Amino acid sequence: MALIIENSAKATTSNLLLYKYPLEVFREIEYQSLMTVITRFPPSPTGFMHIGTARTGLFNWLYARRHGGKMLFRIEDTDRSRHSEEAVQAIINGLNWMGIDWDGDVVSQFARSDRHAEVAHELVKAGKAYYCYCTPEELEQMREDAKKEGRPTFYDRRWRDNPPSAPPEGVSPVVRIKAPMSGERVVHDKVQGDVRVAAEQLDDFIILRADGTPTYMLAVVVDDHDMGVTHVIRGDDHLNNTFRQNVIYEAMGWDIPSYAHLPLILGPDGAKLSKRHGATSVEEYRDMGYLPEAMRNYLLRLGWSHGDDEIIETEQAIKWFDLEHINQGAARFDFDKLNFVNAHYMKLADNDRLADLTIDIYKLRGINVSEIGRARLMARMDELKSRAKTLVQLADDAEFLVRDIPYEFEEKAAAQLNEDGKFIVRVIHDNLTGLSAFTADELESLCKSTADYHRDGKLGKVMMPLRAAVTGKASSPSLVHAMEVLGLEEVSKRIEYALSKL
RNA sequence: GUCCCCUUCGUCUAGAGGCCUAGGACACAUCCCUUUCACGGAUGCGACACGGGUUCGACUCCCGUAGGGGACGCCA
């Protein structure tokens, strides 16, 4: 029987089915095998995308793609003051940069508040929720008393079954849900296993505020249900909320989705990753010169593993990703490892793309790169990308290729151009025009013979002053290759400038 | 204060009771390559938090302790 259903599931396309029939009808048919995986990415519009949010998004996306399902995108803007178009755009930009896409429209939770209220009232009508007229002062008092007495919850359920009085005039009530009062509650979590909590730990929490707007707890459940979400993959900080959310699912008689709670990302010092640690948002990582494919790989490995594999490209990740190998402990963010992964993907990256990205960085620095500058960059890109860990480093390494004189000399470079240094640079300069060809090989032999004749064969004594003159720096990529790319005219110009300036 | 979760090299992790003399990667150290800085190659250093059980046998299972993280809003 199971087999037959499985086969027919492959024959039909479950996606089509979803559109053809109303969701409710579809849900009546309880063919597990027909169900496509539907995950969701529900950020709060905070104005930027936290790196932890990005990882959660990545995991949801990977899981949906792995199973040929969908990842939905919903903005958690129940609190209307949070809603801002720029903030939503920031999240979308972050996702785009990360290379993560989603299915369907961006759903605004705020726009669905009528539906949320409808559910709350339905629960009241069914006797599963009730109006509560407590004032903030009363609640504050209850909270204090509960803390003093060491009780687990504070709300005393005074409006639940035996209201103390008739509803007071002119007070708009909140709606509270009736949480179970005894027994053990279990959440089956794909990462943490079965998590148990005593019902006594659960309050009759508020699902609809006095102003008629839904609380987060209600909104997530209603939206996840209406959107057909089958797998909720989210941060560990929601594990406790899950018990509350399940109360709503049960009261409505809805199917509870599969849960997977990911441990949080900690800062290098083991404390919760915060602004204090520097970069927390994906745009900051972009600005630090990290490649999105490197971020994906690094974030994937932070908490998930596939044996000893370290370098896992996204296509491979889609084939491999599962919930079973998510680690249970929180992981620390480690820049060294990120740098290593990024360096790897830099080597793999297309030269043209790297040139464009590097030129973007120069623009930010106020350096306008000419066609010639770009050509020089491209000519040396194979070497440049093999030595840099980030785009910013690459840009630093290659800046001398795209800049014109006058430029500043690093302190260590200036030191190279003492009298001895200047003498050697002059010798090289005088012999440049005599070269049979202005190539790296010819330049190298010139340097070597100059070293042999004037500096006892010590090549460094020639290269270092020359490097200082041509690049303004004490270290650089291969000097003779750079000189070849710069060309005779430019090299002469730079040497003359250096000799005159220092 | 109450509850929940977690704990293998400095860091990310492999490990499904004997395959473990605990494997890989990053970082670090040394050496090689080298005109500088890097890249690359080789080698090395380095961990089962602690204490009790269960078992012929425990990194793996159970219970405590300690440490870390999270949640307890008319925030999300």
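Treat the numbers as computed from the prediction; the structure is a model and nothing was measured. The chains referred to below are lettered A, B, ... by the order of the sequence lines, with proteins before strands, and numbering in each begins at 1.
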query: Taking atom P in both A42(B) and C33(B), what distance in whole Å separates the two?
result: 15 Å
Strand partner of C59(B), provided both Watson-Crick or wobble distances fall under 3.5 Å: none
- prompt: How would you label the contact of Val462(A) with the nucleic acid (heavy atoms, under 4.0 Å): base, sugar-phosphate, or nothing?
  reply: nothing
query: Taking only residues two or more places apart in sequence or in another chain, which ones pass salt bridge (Lys or Arg N to Asp or Glu O under 4.0 Å) with Arg455(A)?
result: none
I'd like a table of atom pairs between the protein and nucleotides 41-49 of chain B - only N or O on both sides, under 3.5 Å - with the distance next to each one.
none

- prompt: Parallel under 30°, tilted from 30 to 60°, perpendicular over 60°: which one fits the rings of His261(A) and Tyr259(A)?
  reply: parallel
message: Any strand counts, and the cut-off is 3.5 Å on both contacts for Watson-Crick or G-U wobble. Which nucleotide pairs with A25(B)?
response: U11(B)
Conformer about C1'-N of C39(B) - syn within 90° of 0, anti elsewhere: syn
message: For RNA chain B, which residues of residues 381-388 of chain A approach it to below 4.0 angstrom with any heavy atom?
response: Ser386(A), Arg387(A)
Nearest-angstrom distance from the residue atom CD of Glu411(A) to P of U36(B): 21 Å
- request: Check for a donor-acceptor pair, side chain of Asn60(A) on one end and backbone N or O of Phe41(A) on the other, with a separation under 3.5 Å.
  value: no
query: When the nearest nucleotide of RNA chain B is assigned to Met463(A) and to Leu338(A) on a heavy-atom basis, which residue is associated with the more 5' position?
result: Leu338(A)
- line: So, with a heavy-atom separation below 4.0 Å from RNA chain B, the residues of residues 257-265 of chain A are Leu264(A)
Atom C1', compared across U11(B) and C28(B): separation rounded to whole Å: 12 Å
- line: By ring pair (Phe, Tyr, Trp, His ring centres under 6.0 Å), Phe59(A) pairs with (sequence neighbours left out) Phe321(A)
- request: Apply side chain to side chain contact (heavy atoms under 4.5 Å, CB included) to Ala415(A) and list each qualifying residue two or more places apart in sequence or on a separate chain.
  value: none
- prompt: Does U36(B) have OP1 or OP2 sitting under 4.0 Å from an N or O in the side chain of Lys412(A)?
  reply: no
query: Mind checking who C33(B) pairs with, Watson-Crick or G-U wobble, both distances under 3.5 Å?
result: none
- prompt: For Gln109(A) and Asp223(A), what are the C-alpha separation, side-chain angles and deciding distance, and is it a side chain to side chain donor-acceptor pair (under 3.5 Å)?
  reply: CA-CA 8 Å; Gln109(A) 198 156 62; Asp223(A) 288 347; 2.9 Å; yes
Anything under 3.5 Å between a donor and an acceptor, one on a side chain of residues 458-468 of chain A, the other on a protein residue two or more places apart or in another chain? List them.
residue, atom, partner, partner atom, Å
Arg467(A), NH1, Ser476(A), OG, 2.8

field: Those residues that, when tested against His306(A), pass ring pair (Phe, Tyr, Trp, His ring centres under 6.0 Å) (two or more places apart)
entry: Trp320(A)
message: Tell me the interatomic distance from Asp237(A), atom CG, to G70(B), atom P, rounded to whole angstroms.
response: 9 Å
field: Separation of the C1' atoms in C26(B) and U34(B), to the nearest angstrom
entry: 25 Å
- prompt: Going by an N to O cut-off under 4.0 Å, is there a salt bridge joining Lys178(A) and Asp204(A)?
  reply: no
task: Measure from CZ on Arg244(A) to P on C75(B) and round the result to the nearest Å.
output: 15 Å
query: What is the nucleic acid contact for Lys448(A), judged by heavy atoms within less than 4.0 Å: base, sugar-phosphate only, or nothing?
result: nothing
- prompt: When you compare A71(B) with G15(B), how far apart are their P atoms, in angstrom units rounded to a whole number?
  reply: 29 Å
message: Within the 4.0 Å heavy-atom criterion, would you say Cys132(A) contacts the bases, only the backbone, or no part of the nucleic acid?
response: nothing
query: Would you say A38(B) has OP1 or OP2 under 4.0 Å from some side-chain N or O of Arg380(A)?
result: no
query: With rounding to whole Å, what would you report as the distance between G51(B) and U7(B) at their C1' atoms?
result: 15 Å
query: Looking for any heavy atom pair under 4.0 Å, which part of the strands does Ser476(A) touch: base, sugar-phosphate only, or nothing?
result: base
query: Hey, does Lys389(A) reach any base, or is it just sugar-phosphate, or nothing, if we go heavy atoms under 4.0 Å?
result: sugar-phosphate
- prompt: Any side-chain heavy-atom pair from Arg176(A) and Leu208(A) closer than 4.5 angstrom?
  reply: no
- line: Hits for salt bridge (Lys or Arg N to Asp or Glu O under 4.0 Å) against Glu122(A), two or more places apart or cross-chain, chain-then-number order -> none
Nucleotide nearest Val174(A) (side chain, heavy atoms from C-beta), chosen from U35(B), G40(B), C74(B): C74(B)
- prompt: Checking all strands, does Lys148(A) fall into the base, sugar-phosphate, or nothing category for heavy-atom contacts under 4.0 angstrom?
  reply: nothing
message: Once you apply a heavy-atom cut-off of 4.0 Å, does Thr213(A) come out as touching a base, just sugar-phosphate, or nothing?
response: nothing
query: Taking atom P of U36(B) as reference, at what distance in whole Å does atom CG of Leu459(A) sit?
result: 8 Å
message: Is the shortest side-chain heavy-atom distance between Thr215(A) and Phe205(A) below 4.5 Å?
response: no
- prompt: Taking only residues two or more places apart in sequence, or in another chain, which ones meet Arg387(A) in a side chain to side chain contact (heavy atoms under 4.5 Å, CB included)?
  reply: Glu383(A), Asp397(A), Pro477(A)
- request: Could you tell me which residues satisfy side-chain hydrogen bond (donor to acceptor under 3.5 Å, both in side chains) with His231(A), sequence neighbours excluded, listed by chain and number?
  value: none
- request: Just do the ring-ring contact (aromatic ring centres under 6.0 Å, His included) check on Phe48(A) and Tyr285(A) with the steps written out, would you?
  value: CA-CA 12 Å; Phe48(A) 64 94; Tyr285(A) 286 87; over 10 Å; no
query: Across all strands, who's sitting opposite G1(B) as a Watson-Crick or G-U wobble pair, both distances under 3.5 Å?
result: C72(B)
- prompt: Quantified in whole Å, what is the C1' atom distance between nucleotide G46(B) and nucleotide G10(B)?
  reply: 9 Å
query: Within this structure, what is the CD-to-C1' distance between Gln109(A) and C75(B), rounded to whole angstrom?
result: 12 Å
task: Tell me, please, whether Phe243(A) has Arg185(A) positioned over its six-membered ring: NZ or CZ under 6.0 Å from the ring centre and within 45 degrees of its axis?
output: no
Interatomic distance, Met142(A) CE vs C74(B) C1' [rounded to whole Å]: 13 Å
- request: With C1' as the reference atom in both, quote the distance from C48(B) to U60(B) in angstrom, rounded to an integer.
  value: 10 Å
- line: In Watson-Crick or G-U wobble terms, with both distances under 3.5 Å, the base opposite U65(B) is A49(B)
task: To the nearest Å, give me how far apart CG (Leu466(A)) and P (U36(B)) are.
output: 14 Å
Under 4.0 Å protein heavy-atom contact, by nucleotide of nucleotides 1-16 of chain B - B base, S sugar-phosphate only: SSSSSS----SBSS--
field: Polar side chain donor-acceptor pair, Asp334(A) to Tyr298(A), under 3.5 angstrom
entry: no
- request: Measure from the side chain of Ser475(A), starting at C-beta and using heavy atoms only, and say which of G73(B), U36(B), C74(B) lies closest.
  value: U36(B)
query: Across all strands, who's sitting opposite C19(B) as a Watson-Crick or G-U wobble pair, both distances under 3.5 Å?
result: none
- prompt: How far does the C1' atom of U35(B) sit from the matching atom of U43(B), given to the nearest Å?
  reply: 27 Å
task: Please state how far atom CG in Asp223(A) lies from atom C1' in A76(B), giving the value in whole angstrom units.
output: 13 Å
